[in-house]
Each structure stands twice: as structure tokens, then as C-alpha cells.
S.K.: 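Just dropping this structure here.
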Amino acid sequence: MGVLDSKVPPGPLAEKWTNHKNEINLVNPANKRNIDVIVVGTGLAGASAAATLAELGYNVKTFCYQDSPRRAHSIAAQGGINAAKNYQGDGDSVYRLFYDTIKGGDYRSREANVYRLAEVSTNIIDQCVAQGVPFAREYGGLLDNRSFGGVLVSRTFYAKGQTGQQLLLGAYAAMNRQIQRGKIKSYTRHEMLDLVLVDGKARGIIARDLVSGELERHSAHAVVLATGGYGNLFFLSTYCMGANVMAAWKAHKRGAFFANPCFTQIHPTCIPVSGDHQSKLTLMSESLRNDGRIWVPKKLEDAQAIREGRLKPTELAEEDRDYYLERRYPAFGNLVPRDVASRAAKERCDAGFGVNKTGEAVYLDFDSAIMRYGREKALTSGMKNPDDATVRKLGEEVVEAKYGNLFQMYEKITDQNPYKTPMMIYPAVHYTMGGLWVDYNLMTTIPGCYAAGEANFSDHGANRLGASALMQGLADGYFVLPYTIGDYLSDDIRTGPIPTDIPEFDAAEKNVRDRINKLMSGNGKHSVDYYHKKLGKIMWNNCGMARNEKGLKEAIKEIAELREDFWANVKVPGSPDSKNQELEKAGRVADFLELGELFAMDALHRNESCGGHFREEYQTEEGEALRDDENFKYVAAWEYQGDPSKAQLHKEELVYENIEVKTRSYK
Amino acid sequence: MKLYLKIWRQKDANSKGAMVDYTLDGVESDMSFLEMLDVLNEELIEKGEDPIEFDHDCREGICGTCSLMINGRPHGPESLITVCQLHMRSFNDGDTIVIEPWRAKAFPVIKDLIVDRSSFDRIQQAGGYISVNTSGNPVDANAIPIEKDAADASFNAATCIGCGACVAACKNASAMLFTSAKVSQFALLPQGRVEAAERVQNMVRQMDIEGFGNCTNTGACEVECPKGISLENIARMNREYLSAIIKG
């Protein structure tokens, strides 16, 4: 196991980060001007890291495949960002946020990293407010908070249903300030196609200009990958269409270990699939679970009548509805964590109680919230004995103020009015907790190659609580990486610029060019999407919300076969020397076809259920996940050995010194 | 549904483009407009033709990447949505649909339906930020109380997704709605007031350098904006600009 050194600093948990910052090496401001850093990806983690590194004085180059950094998929996060501010005085603290996050992650995250995350969470809010992020406010002018799945306090800061958008615009603005100062050079419509190592250290990348098709060499003293997650390997997911694993996977093939790939979050509240043409799934914010009640019919015949359109959900009497989350988990009810809510929905639908045509949907019902808010509003407006219609109208106004944009979005997609009929939802792939293995400094197993935000593995364990992804992205980018990278770069103050006309860059560029030519020389039987959809089906059926040994073994075989077929028969039109979206997709799907196999191998070797990984063989009599701390309390970090099937497993044992590892119960 | 599509094809920025006719059968009403184009592209690839390139990413109406003129209107016939949120149920069997890229000098065509909107980035780089350091701000967030109405108004301006529909809708290809939304977000907040005068002048100057036209108060931008950004922002920007100039 000796390969993996987490570099977690010694000492009491609450002092680790402070002590570490005091002890690591610094780079003199004058020397920072001589050091170049590449940041790939400009979502929350990448944009905040780039802005902060540039402000510290490093020369930063950023890369994103979108036409502007402001379009990274962090914008789609709706609900909010957690911070242990305890503004509500409801007993929140750094320790409690740490505890909830560790427990929510099913004790498969690194204790010291999570504590640091909770510790810096409060700074994030200060930082963002100073930058002009328009968070929701109370009438007194102070910041408003709400609560989220998996916790019992209100610690979530939000900007209506578009918190991610506003936070990213804040980080993007900070980037713009540094671009204007000449400290950041922003390369848009560019994609990283390989990582260049010199003497074993990350020293640059090969990027493709997606407009001209030209391959470019960019060198730096360190490379930061903030490229998000790999959920798009399921084809259907809540990820944006362009999200890919390319940069992380190339780093993996160059020596960065890939950790816990099977830990993938299935989000419980997405709009269900409507047909074969579907290209992606849309998430409805988890914040809806604060007020929406989840149910399916109690009787199979009612469920069938609803599916066939003979019965409307609003016609079903209260006693004929099964509010299964409230029934099974009375303490948390509709606010149980995402993995629990997702599995419970699957369980009901598998048992035949699904409510849409395909039987894969449950209701998220706002009727009681509308009436409750309406009555309250009537009282505070001084109305005596208002009729039901008035109460409903008032209540709808309150709900509209809280969730209006989400309701509008739902109606646009489904053509149904969620004020009048309950929403239909079903779980979908949403976030990947696995990613590149990093140490406490966020460095991968390649010296000088860092991974931040969703691209790394360290903070979320096997499951992620709501409103914690934005927190990690910004914590890494604003507050962690800019410090820890200095420790490494302090050795580079005399290195000088890294040349790009050296054999290492020649070889990497040739490698990229050969691969592109190979992709374009397929036999031309099927489109890229054909393969992507096939891979997605294998993944969803065998590596989705529930997995078992047999299915995983089949998946491993099928993916390997599909990959072979892809390389022989894929059809990529056009030329490599111009804008070519099919070629872009082909390169990404080729990587997914490798990662998919590693994903299934990781899921197969982990003989336990925890968080987003539910192995059917390992469950309690009540159908709850059965963790095996004795044998699996470790990070599975895979080392590439020429082919996904030959990947070598390394283990980082997880040590919990400050927290008692318990069975996760939300009853 | 069977549809007759007239789509702008253009090889690259230097080539001449033209409208090309396509017929697509089997379109379902549940499909989004972009999914309809996906289906068409699959057919084209199958036939050995080059697929149509168009910009899109989140497909949830929030990233602002998708950018199509559909029958002469940015993001198509419905209001308050982007193309990815437009569904084929808004069309009828046998319809002819004309699909073009954004039309504006400051948005040059890259290929087919894709245009270059980096001018928007440069407008923001000219001053669309608050000059606060990113390395550990010491002021507690609640030490800056903000009146709820001001916070909400700032948020409403900040909901601009930078898609460029306002420019495409404008007969002068003006970027006033976009720029004013950015100016307003900060002008309405106490954090942004300190450098407000400098900000508005720099952003307006950059807007002109990029080749966007003037505003003649037609209001098409507001009508076509998928996020309902209000013309009030333009009025606010004009006031900000005037007072900045007067103060010198």
C-alpha cells in the first residue's frame, strides 16, 4: 500500500489546516511572476482557482471547450451552497457540517479533507458576497438560508433556483478581472487531449483548437485539472452534453490513479425519460423536497389506472396514497439523503407502483404545501375564514415566489402544470464522487498535476449531500489549491520557462495526432452517438442504482466488446482540420468506453453497499444498504497498466480519529 | 410529424453560406428542438453527409450556449425560453422551419449555425466585476446588509445568460440589454458602487469597439430575451453613464 501517501498533516483535526498552511513552503511574490500554471476547466473549481492563482501573481492559462468560461456546467446547480455560518442560530457549527458530510458520504471520504472543507465554507460566503453574488436576502437585509436533504439545520445559502449560475458568474468575474490585468490568458473552444510529462512531472498539455482543428503545445510548471465529473458515460444524465472525462482520463493513462470510479450519485428528483430520442435528463432542484411530498398509490390497481390515464393523481384520496419516505424514514421524511431517496423510488417502481407510462416515475406533490402556505398567508393578511380557492391562490403565490423558475421549467418540458397536478420525478445520474486520487494538497500521483472540484475524489465519499458540490468546488479553487500548489512550485523558482520544442511534447503531440487519425479511419458503420447510447444502456442496466456480481461481469465483457467495435466501425465525418463536433464527441466517447470498464471493475470488487454504490448481494432484510467497514473502509485507487482490464488496485485505508463510524440511519 | 427545414450551411468564417433544404419525418412532439436536430444529424451521418453544427450544452435553459434564429426569431416562437427548452409540440405536421445563426456583425459565423460571441466576454473583461481580492476576504457576509428589494433587482439583472438573443433580435444589433444587465447587477449593490462610474464607461466603450449598434428603444431585445431581462436596465445604464460623464 505504500504507494499512496495522503500527506494528511499530523495534529488535532481542527488545527491541521492552519498548521499545514504555516508549515508549507511559500513562493516569494517576485518569483511567482516566473511561474506558469495551466488550469483546465473553468467551472466553479477552475475559475476560482485560476482567478486566485493569477491574483497571487502566477501566470495562468485557462482552457475550456465552451465558447466562454461562464458556460461551464456549474451554472446548472440550482439549490444552493452550504456553509457553517450558523446565522440561523439552529445549532450549526463547523464540526456539525463536517459530521453531516462524512456521515452523508457513508464514511468513505477523507476525514481531514472534509474537516477543511467545513472550515473554509464560511469564508466562501464572505468571498462571494464581497464579489457581488446576489444571494437571497431576508427583509432585514441579511442573508437567507434553507435546509437540504440529509441535514437537520438550515445552512444552505442560495440565489433562487440558480445558485450555481450566480456563483460561477462571481468566479468568472474574478477571472475577467485577471484577464484584464493580463494575468490570465483564456483559451476558449479548446480541449486538452494529452498531458505532457517531463522527468516524471506534469509540465504541459496538448490542446486542440476546436475551431481550427490545430493541435497546440502549452507548457507550465504545474497543471490543474478542474474538469468536472464523468457521469456522461451513462449517456442520459443531468450533465451538460459536452461534459467528458478526457483530461482526467489522459492524466490517468499518464500515471494519475483513478479513485472510486463506481461512486456515482443518482439524484432522486429528475424529470423522467420521455422517449428514445432523449438526449439528456433535467434535474429538479432538491430544494423542492423541503415542501414537496413524495408518494405513489398504495394499491397496484390505482397505479395501473393512473398509468393508463383512467385516473388522475388529484382524484386519489389521501388514504390511498403511500408517502413512502415519510413512512420508512420518519425522522428525515422527504429530506433523506439522495441515495436513500433514489433507491426508495426505484424500489416502489420496481414493485409496480410507478405512475408514468413507462412505470418509472413517482409523484412530488406540492398540494399540502400550497394549502399550508395559503392558510398562513391568509392569517397574516388578516383574512378570516377564507374559502379553499382563496387559500389555494395565496398558497400558489408563495410557492411561486420560492420555486417559480423550477415550476416553469418543469411545465416547459413536460407540458403539465405542477401547481395543478403533482410533478413526476425519477432518479438520474447526477454527480460523480469518484475521480482522480489526490493527496491533502490536491496533487494527483503525478507530481505537478493537481485535480480540483468534482474531478478529484476526496471530499464526498460514496455519496454527496445536497449543496455540497458548489462548496467543494469553491473551497478547492479559492482557498485550498492556491496555498498548497505553492509548496510544490517553490522548487521551481529557478526552473525558468518550460520549452515546448522538446521530445516529450513531440511524442505527446504525435500520440494525439495518431489517435485522431485512427478515429477518423473507422469503417463507417455507426455514428458516435450509436456507441454512446449503447454504452449508456449497459451502464444504467448493470452499474446504475443497483448492481450485482453477474450484471457487472457481463458489463465488463460487453464494454470491452463495444470498445473494439467502436474502434473498427465508428463513422466520424468531416475533417480533423476544422470545426468538427462529431470528432470531438468521438474522442470523448472513446475515453468513456475505457472508463466504463474500470467503473464496472471497481463496482465488482467492492463487496458491500454504500452511498451511491448499492450491491444487491449486500443489503439488510429491510432493503437498506449494508456496508462492510471491516473490509472496505478504503479508497480504491486504480493504476493504469496499458488497458482498463489490467488496472492495478491500490488502497488508501481511511482512518477516522475524530468520528465514530456508525451505521447510517435516517429513521 | 413531417417537417420541411431550411437551414443555413456555412463551411467556415471565410466561406459563403447558403440555405439548404431538408425533409425530416417521424418527429415527435415530446422532442426538444435540439433533439430534433440530433435526429436529423444522425440521418445525415448515416447518408454520409456532414452533420449540421450548432452550439448547445446544458440543454436546461441556463448555460446560454444554444443560439438559433427559428423562423426569424431568436430561440424560436415561444417566449421566455432558450432553444433547448423549445419542444416540437410548438410546431405542426407539415410546417416549414427556417433555421439560421445569430445575425450580427459582432458575432461572426464560425460554422453553420455557430457564431463567435467572445465580444460579450471582452465587454465583461472591461469592467464587469467588483475589484475585490480573491484570497480570503475578511469581511463577514452579513456585515454587508442589502435591502431585499435591491438584492432581488440585482439578482433579476444577474439572471442574464449571455446568449446573445437580444443582439440577434435587434435591428441595430445592439448589445445594450446585455451590457446594461451586467452594469445593473453591480450598480444595485453596495459592493459595486465604488467603481460604478468607471465600470459603466469602460463597458460601454468596449461595446462600441466590438461593433455593436446603438439602441433606438424598439424593445425587441426585451421581447426575445429568454430570461425576461427588463428594458429598465437600459434606462439604469443610461443614467449611470450620464452621471459618470457629468462627474467626469
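Lettering of chains follows the sequences in order, A, B, ..., and the numbering in each one begins at 1.
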S.K.: Under 3.5 Å, side chain of A:R177 to main-chain N/O of B:V132, donor-acceptor pair present?
M.R.: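 At least one qualifying donor-acceptor pair exists.
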S.K.: Indicate yes or no: does B:D140 engage A:K85 in a salt bridge with an N to O separation below 4.0 Å.
M.R.: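 Yes, this pair counts.
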S.K.: Let me know if A:L474 has heavy atoms under 4.5 Å from chain B in its side chain, its backbone, both or neither.
M.R.: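 Looking at A:L474, nothing touches chain B.
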S.K.: Taking side chain as everything from C-beta outward and backbone as N, CA, C, O, which of these in B:V27 sits under 4.5 Å from a heavy atom of chain A? Side chain, backbone, both or neither.
M.R.: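 Neither; nothing under 4.5 Å.
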S.K.: Taking the six-membered ring for Trp, is the centroid-to-centroid distance between B:F33 and B:F91 below 6.0 Å?
M.R.: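 That pair passes the under 6.0 Å test.
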S.K.: Do you know which two heavy atoms are closest between B:I229 and B:A157, and how far apart they sit?
M.R.: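 Distance-wise, the nearest heavy atoms are CD1-O, 3.8 Å.
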S.K.: Return the option, out of B:L189, B:D149, B:I110, with the maximum number of heavy-atom pairs under 4.5 Å with chain A.
M.R.: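 Ranked by heavy-atom pairs under 4.5 Å with chain A, first place is B:I110.
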S.K.: With a 4.5 angstrom heavy-atom cut-off, which part of A:Y139 approaches chain B: side chain, backbone, both or neither?
M.R.: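 A:Y139 touches chain B through backbone and side-chain heavy atoms alike.
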S.K.: Considering only heavy atoms, which portion of A:S68 lies under 4.5 Å from any heavy atom of chain B: side chain, backbone, both, or neither?
M.R.: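 Looking at A:S68, backbone and side chain both touch chain B.
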S.K.: Going by heavy atoms in the side chains, are B:L68 and B:H75 under 4.5 Å from each other?
M.R.: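 The answer is no; the side chains never approach within 4.5 Å.
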S.K.: Look at the rings of A:H190 and A:Y187 and say which category their plane angle falls in: under 30° parallel, 30 to 60° tilted, over 60° perpendicular.
M.R.: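 Taking A:Y187 first and then A:H190, their aromatic rings stand perpendicular (interplane angle over 60°).
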S.K.: For A:L143, is it the side chain, the backbone, both or neither that has a heavy atom under 4.5 Å from a heavy atom of chain B?
M.R.: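 Looking at A:L143, backbone and side chain both touch chain B.
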S.K.: Side chain, backbone, both or neither: which part of B:I114 has a non-hydrogen atom closer than 4.5 Å to chain A?
M.R.: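 B:I114 touches chain A through side-chain heavy atoms alone.
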S.K.: Donor-acceptor check, side chain of B:W102 to backbone of B:C163, threshold 3.5 angstrom: yes or no?
M.R.: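 Such a contact is found between B:W102 side chain and B:C163 backbone.
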S.K.: Using heavy-atom distances under 4.5 Å, tell me whether B:I123 contacts chain A through its side chain, its backbone, both, or neither.
M.R.: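 Answer is neither: B:I123 stays 4.5 Å or more from chain A.
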S.K.: Would you check if the side chain of B:R59 reaches a backbone N or O of A:M241 as a donor-acceptor pair within less than 3.5 Å?
M.R.: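 Pair absent, no side-chain N/O of B:R59 close to backbone of A:M241.
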S.K.: Please state whether the side chain, the backbone, both or neither of A:I75 comes within less than 4.5 Å of a heavy atom of chain B.
M.R.: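 Contact with chain B involves both backbone and side-chain atoms of A:I75.
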S.K.: Backbone N or O of B:S119 within a donor-acceptor pair of the B:D121 side chain at under 3.5 Å?
M.R.: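 Side chain of B:D121 to backbone of B:S119, a donor-acceptor pair under 3.5 Å: no, none is there.
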S.K.: Taking side chain as everything from C-beta outward and backbone as N, CA, C, O, which of these in B:F186 sits under 4.5 Å from a heavy atom of chain A? Side chain, backbone, both or neither.
M.R.: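 Only the side chain of B:F186 comes within 4.5 Å of chain A.
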S.K.: What part of B:V139 lies closer than 4.5 angstrom to a heavy atom of chain A: side chain, backbone, both or neither?
M.R.: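 Answer is backbone: N, CA, C or O of B:V139 sit under 4.5 Å from chain A.
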S.K.: Looking at A:K280 and A:Y239, would you say the former's side chain and the latter's main chain have a donor-acceptor pair under 3.5 Å?
M.R.: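 It does hold such a pair.
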S.K.: Measuring heavy-atom distances to chain B, does A:Q165 have an atom under 4.5 Å in its side chain, in its backbone, in both, or in neither?
M.R.: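 The answer is the side chain of A:Q165.
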S.K.: Highest number of heavy-atom pairs under 4.5 Å with chain B: which of A:T238, A:T414, A:D126, A:I124?
M.R.: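 Result: the option with the highest number of such pairs is A:D126.
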S.K.: Among the options A:G141, A:A173, A:S48, pick out the one with the most heavy-atom pairs lying under 4.5 Å from chain B.
M.R.: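 Of the options given, most contacts go to A:G141.
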S.K.: Do B:H56 and B:F54 make the cut of ring centroids closer than 6.0 angstrom?
M.R.: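 Distance test on ring centres: under 6.0 Å, yes.
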S.K.: At a heavy-atom separation under 4.5 Å, does B:I45 approach chain A through its side chain, its backbone, both, or neither?
M.R.: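 Contact with chain A involves both backbone and side-chain atoms of B:I45.
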S.K.: Determine the option with the most heavy-atom pairs under 4.5 angstrom with chain B, choosing from A:A72, A:A130, A:P69.
M.R.: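 Answer, by heavy-atom pair count under 4.5 Å with chain B: A:A130.
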S.K.: Which region of B:Q125, side chain (C-beta onward) or backbone (N, CA, C, O), has a non-hydrogen atom less than 4.5 Å from a non-hydrogen atom of chain A, or is it both or neither?
M.R.: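 Both backbone and side chain of B:Q125 come within 4.5 Å of chain A.
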S.K.: Side chain, backbone, both or neither: which part of B:S32 has an atom under 4.5 Å from a heavy atom of chain A?
M.R.: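 Interface part for B:S32: neither.
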S.K.: Relative to chain A, which segment of B:I81 carries a heavy atom at a distance below 4.5 Å: side chain, backbone, both, or neither?
M.R.: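 Interface part for B:I81: side chain.
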S.K.: Looking only at heavy atoms and a cut-off of under 4.5 Å, which of B:E46, B:E42, B:E147 has the most pairs with chain A?
M.R.: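 Answer, by heavy-atom pair count under 4.5 Å with chain A: B:E42.
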S.K.: Salt bridge check, B:R9 against B:D112: does any charged N sit closer than 4.0 Å to a carboxylate O?
M.R.: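 Yes, B:D112 and B:R9 are salt-bridged.
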S.K.: Counting heavy-atom pairs under 4.5 Å to chain A, which of B:Q191, B:E78, B:K111, B:E60 comes out on top?
M.R.: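 Greatest number of close heavy-atom pairs with chain A: B:E60.
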S.K.: Which one wins on heavy-atom pair count under 4.5 Å against chain B: A:F157, A:Y65, A:Y172?
M.R.: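 Highest number of pairs under 4.5 Å: A:Y172.
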S.K.: Does B:E210 pair with B:R122 as a salt bridge, N-O distance under 4.0 Å?
M.R.: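 The answer is yes: the pair qualifies as a salt bridge.
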S.K.: Would B:D55 and A:R189 pass as an ion pair if we require N to O under 4.0 Å?
M.R.: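 Yes, charged N to carboxylate O under 4.0 Å.
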S.K.: Which residue is it: B:S230, B:S184, B:S180? I am looking for the one with a side chain to side chain donor-acceptor pair (under 3.5 Å) to B:R236.
M.R.: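 Option passing the side chain to side chain donor-acceptor pair (under 3.5 Å) with B:R236: B:S184.
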S.K.: Side chain, backbone, both or neither: which part of B:T159 has a heavy atom under 4.5 Å from chain A?
M.R.: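 B:T159 touches chain A through backbone and side-chain heavy atoms alike.
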S.K.: Between A:Q162, A:M409, A:Q178, A:H73, which shows the greatest number of heavy-atom pairs under 4.5 Å with chain B?
M.R.: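 Most heavy-atom pairs within the cutoff with chain B belong to A:Q162.
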S.K.: Between B:R89, B:H87, B:Q124, B:R117, who has the most heavy-atom pairs with chain A when the cutoff is under 4.5 Å?
M.R.: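 Sorted descending by pairs with chain A, the first entry is B:R89.
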S.K.: Mind ranking A:K571, A:R181, A:H526, A:R70 by heavy-atom pairs under 4.5 Å with chain B and telling me who comes out on top?
M.R.: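 Going by pairs under 4.5 Å, I would pick A:R70.
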S.K.: Is there a donor-acceptor pair under 3.5 Å between the side chain of A:Q278 and the backbone N or O of A:S274?
M.R.: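 At least one qualifying donor-acceptor pair exists.
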S.K.: Where does A:D144 contact chain B at under 4.5 Å (heavy atoms): side chain, backbone, both or neither?
M.R.: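 Neither part; nothing is under 4.5 Å.
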S.K.: Side chain, backbone, both or neither: which part of B:I146 has a non-hydrogen atom closer than 4.5 Å to chain A?
M.R.: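 Contact with chain A: backbone and side chain both.
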S.K.: Answer yes when B:R73 and B:E224 have at least one side-chain N-carboxylate O distance shorter than 4.0 Å, and no when they do not.
M.R.: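 Salt bridge: yes.
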S.K.: Quick check on the interface: out of B:S154, B:G64, B:G192, who has the most heavy-atom pairs with chain A under 4.5 Å?
M.R.: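 With the most close heavy-atom pairs to chain A, the winner is B:G64.
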S.K.: Go through the atoms of A:Q166 and report whether side chain, backbone, both or neither lie under 4.5 Å from a heavy atom of chain B.
M.R.: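 Side chain of A:Q166 only, per the 4.5 Å heavy-atom cut-off to chain B.
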S.K.: Hey, does the side chain of A:T163 reach the backbone of A:Q78 with a donor-acceptor pair shorter than 3.5 angstrom?
M.R.: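 At least one qualifying donor-acceptor pair exists.
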S.K.: Can you say whether B:L188 sits under 4.5 Å from chain A via the side chain, the backbone, both, or neither, judging by heavy atoms?
M.R.: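 Neither part, no heavy atoms under 4.5 Å.
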S.K.: Parallel, tilted or perpendicular for B:F212 and B:F120, by the 30°/60° rule?
M.R.: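 Rings of B:F212 and B:F120: tilted, 30 to 60°.
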S.K.: Is B:T65 in contact with chain A via its backbone, its side chain, both, or neither, using a 4.5 Å heavy-atom distance?
M.R.: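 Its backbone and side chain both get close to chain A.
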S.K.: With a 4.5 angstrom heavy-atom cut-off, could you sort out which part of B:D12 is near chain A: side chain, backbone, both or neither?
M.R.: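 Contact with chain A: none, neither part.
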